[in-house]
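Only one structure is covered here, and it is reproduced in the block below.
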Amino acid sequence: MKFLWWGKKRWQLAPYYSHFILVPGNQFGDESPWITNAATLLSNGQKSVTILINGERSLAKILN
């Protein structure tokens, strides 16, 4: 099992994922720019696509 430890708190990470990207933020949507930047970096110069599902209009503005 994989766990994320933060101070005295512990969360079990889903066993079917091989990698995790932890990003800063404490409001809904703070992760959005990190998701697109990670996809661009991991695509290694190839085109990448970010799909937004059930997002708010404010998130769509961030991603544009």
Side-chain angles (χ1 to χ4, degrees):
M1 284 190 230
K2 299 176 187 177
F3 292 95
L4 167 65
W5 289 86
W6 187 262
K8 294 181 179 181
K9 295 182 180 180
R10 180 178 88 160
W11 294 274
Q12 183 175 352
L13 300 175
Y16 38 84
Y17 293 117
S18 60
H19 295 77
F20 296 87
I21 298 174
L22 306 176
V23 301
N26 45 3
Q27 291 186 5
F28 184 79
D30 286 348
E31 73 286 355
S32 297
W34 289 88
I35 292 170
T36 57
N37 290 336
T40 300
L41 179 68
L42 295 172
S43 69
N44 197 24
Q46 301 295 312
K47 292 181 180 181
S48 66
V49 175
T50 302
I51 299 173
L52 175 62
I53 299 173
N54 293 332
E56 296 179 355
R57 289 182 189 259
S58 59
L59 294 180
K61 290 179 185 177
I62 291 170
L63 296 175
N64 284 333

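- Other cluster members for Leu41: none, since no ILVMFWY side-chain heavy atom sits under 4.5 Å from it.
- Taking Ile, Leu, Val, Met, Phe, Trp and Tyr as members and joining any whose side-chain heavy atoms lie under 4.5 Å apart, directly or through other members, the hydrophobic cluster of Leu42 also contains Ile21, Val23, Trp34.
- For Gln12, the side-chain contact (heavy atoms from CB on, under 4.5 Å) test picks out Met1, Phe3, with sequence neighbours left out.
- Applying the side-chain contact (heavy atoms from CB on, under 4.5 Å) criterion to Thr40, with sequence neighbours excluded, gives Ser48.
- Under the 4.5 Å side-chain contact rule for hydrophobic residues, Val49 and Ile35 do not share a cluster.
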